[in-house]
There are 2 protein chains.
Amino acid sequence: MKPTGPEVPLTQPASNQIQRGADTHAGESRETILDTAEALFARHGYEGVGLREIARLAQLSKSALFHHFPTKMDLYLAVLARIFGDLEGCLSEASSSEGSALARLLAWVDAMLDALAERDTRAPLLMRTLFEGEVLEHDSDTPEVNGPLKRILEAVSSLLHEGIEAGDLRPIPVPHATQSLIGVLLFHFASGGFGDEILGRPVFSATEIRRHKEFVLSFIETGLSARPNHPQGALGS
Amino acid sequence: MKPTGPEVPLTQPASNQIQRGADTHAGESRETILDTAEALFARHGYEGVGLREIARLAQLSKSALFHHFPTKMDLYLAVLARIFGDLEGCLSEASSSEGSALARLLAWVDAMLDALAERDTRAPLLMRTLFEGEVLEHDSDTPEVNGPLKRILEAVSSLLHEGIEAGDLRPIPVPHATQSLIGVLLFHFASGGFGDEILGRPVFSATEIRRHKEFVLSFIETGLSARPNHPQGALGS
DNA sequence: GTCTATAAAGCGATAGAC
DNA sequence: GTCTATCGCTTTATAGAC
């Protein structure tokens with residue numbers, strides 16, 4: 001593509017909230033590979049990344065890489081599975097909260113935004129997964145990816161239905177509202193350099209993250225609520 | 001990728017509203033190539049498509065393809081330029097309309113949704129352009145793509161600023177609202193098979209397009225308006 | 001303007017030594 | 001578990017005949 005600089009940190013200890021396993025050394029290179037691949041797949045997509053580049057940045061040979069992940073697709077799915085697992089966590093956090101369906105929906109949006117803002121690779125990869133359906137060939141999907149996705153979507157759908165029946169939400173078509181929610185949640189944090197340009201500042205800077213969350217929550221609240229009394233959507237964030 | 005069936009119609013006369021040029025035969029194969037490439041790039045992305053496949057589906061040899069477009073990137077940019085030119089048309093339509101800033105914003109959204117719904121390749125390609133910024137290497141961008149994009153974004157930004165100052169819109173951060181608008185507008189029509197699954201029916205079927213437009217317009221209106229009196233966003237659509 | 005043939009490099013994946 | 005070397009194929013792009 002181009003003589004890229006050290007686009008990905010040579011070692012990427014920027015692993016996030018969920019520390020998987022208490023082992024100090026076992027599977028160490030596996031995590032390094034996953035981190036490296038996650039960054040590259042997020043930026044360039046599945047087809048845009050070569051195993052050669054992943055191996056180089058993860059500091060091992062291509063063959064060693066094949067020992068951990070028998071095929072390129074296995075590696076890609078492992079990356080996705082890790083992300084989807086994390087995102088499903090947001091759901092349990094939020095759905096256990098109390099209040100109206102609208103409040104629980106907003107709590108979920110809040111948790112999702114936090115999770116997406118935490119690592120700049122998540123939204124791009126999620127976006128690619130949803131709208132490049134060809135890569136995850138139809139039904140050959142892995143349960144580690146499809147399961148969490150399906151459960152998240154069902155939970156959102158339930159919340160919307162519940163809110164409509166309770167009179168919290170306007171009578172909206174649930175699937176279309178779901179699509180718009182996904183678009184609003186994902187695009188901003190997936191927009192990379194374009195988003196930085198629009199904002200004039202880094203999308204993932206703390207102040208812009210805060211500002212974005214505030215706007216999105218108020219947008220969704222006033223846009224979907226049956227009684228948009230709230231001039232400023234101040235949530236317990 | 002896989003032994004694809006005739007994923008792209010062998011000849012693709014599904015060209016849309018804008019009939020470019022009055023010539024009956026000149027540049028005929030050029031248009032065929034662009035149609036074919038547009039469909040493939042939309043589905044698989046820049047890196048996911050080979051010139052071999054494009055040439056096969058456009059029914060000419062790879063070398064003949066190189067005669068029309070000297071490099072793969074030239075072809076990709078030509079595809080984008082055609083789309084961005086069309087989309088800029090929506091802007092002039094809508095901005096010439098009368099009424100409040102909010103009304104003109106909604107008129108633009110209305111026109112954009114029509115344009116995106118007209119051809120199932122537009123939203124995916126636009127989405128890819130915005131969030132795979134690496135492909136259009138930064139500043140080496142062609143004016144045929146970057147110009148329309150810049151003008152569209154500036155127009156939207158102006159409308160939002162104007163609406164806020166006039167008191168039509170809530171006091172929202174314009175760049176963040178722009179990002180959310182883009183997400184809402186693009187994702188649904190870019191979501192491919194995923195969207196079909198969510199809806200249970202084809203995203204690009206007439207009834208679902210109508211339903212989606214209705215919802216999105218009401219969502220944006222109530223979500224951004226300073227006085228969301230409208231329980232159902234009935235616009236002159 | 002379209003073709004066949006080919007170049008030069010990269011791809012995913014494998015074999016087999018250590 | 002990691003390595004070197006290689007296989008077979010595809011990629012973008014070019015050369016040159018017609």
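Note that the coordinates shown come from a computational prediction; the quantities given were computed from them, not determined experimentally. To find a chain, count down the sequence lines: A is the first, B the second, and so on, and within it residues start at 1.
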Side-chain touch A:E38/A:L125, heavy atoms, less than 4.5 angstrom:
yes

What's the CG-C1' distance between A:L65 and C:dG12, to the nearest Å?
11 Å

Rounded to whole Å, CZ of B:R56 lies from P of C:dC3 at a distance of 15 Å

Would one find a side-chain N or O of B:S61 under 4.0 angstrom from OP1 or OP2 of C:dC3?
yes

What pairs with B:R151 under side chain to side chain donor-acceptor pair (under 3.5 Å), at least two apart in sequence or on another chain?
B:E88

Do B:M127 and A:F131 touch side chain to side chain, with heavy atoms closer than 4.5 Å?
yes

Nearest whole Å is fine: how far is C:dC11 C1' from A:L75 CG?
15 Å

Are the aromatic rings of B:F204 and B:F189 close, with centres under 6.0 Å apart?
yes

Would you tell me if any nitrogen or oxygen in the side chain of A:H68 comes within less than 4.0 Å of OP1 or OP2 on D:dT2?
yes

Going 5' to 3' along nucleotides 10-18 of chain D, which nucleotides have protein heavy atoms under 4.0 Å from the base (write B), which only from the sugar-phosphate (write S), and which from neither (write -)?
-SBBBB---

Could you check how far CD1 of A:I54 sits from C1' of C:dG10, rounded to whole Å?
14 Å

Strictly distance-based, threshold 3.5 Å: is any side-chain N or O of B:R128 a donor or acceptor partner for the main-chain N or O of B:A42?
yes

Could you tell me how far apart A:Y76 (OH) and C:dG12 (C1') are, to the nearest whole angstrom?
17 Å

Roughly, in whole Å, what's the span from NE2 in A:H67 to C1' in C:dA15?
14 Å

Under the side chain to side chain donor-acceptor pair (under 3.5 Å) rule, collect the residues that match up with A:H68, sequence neighbours excluded.
A:S29

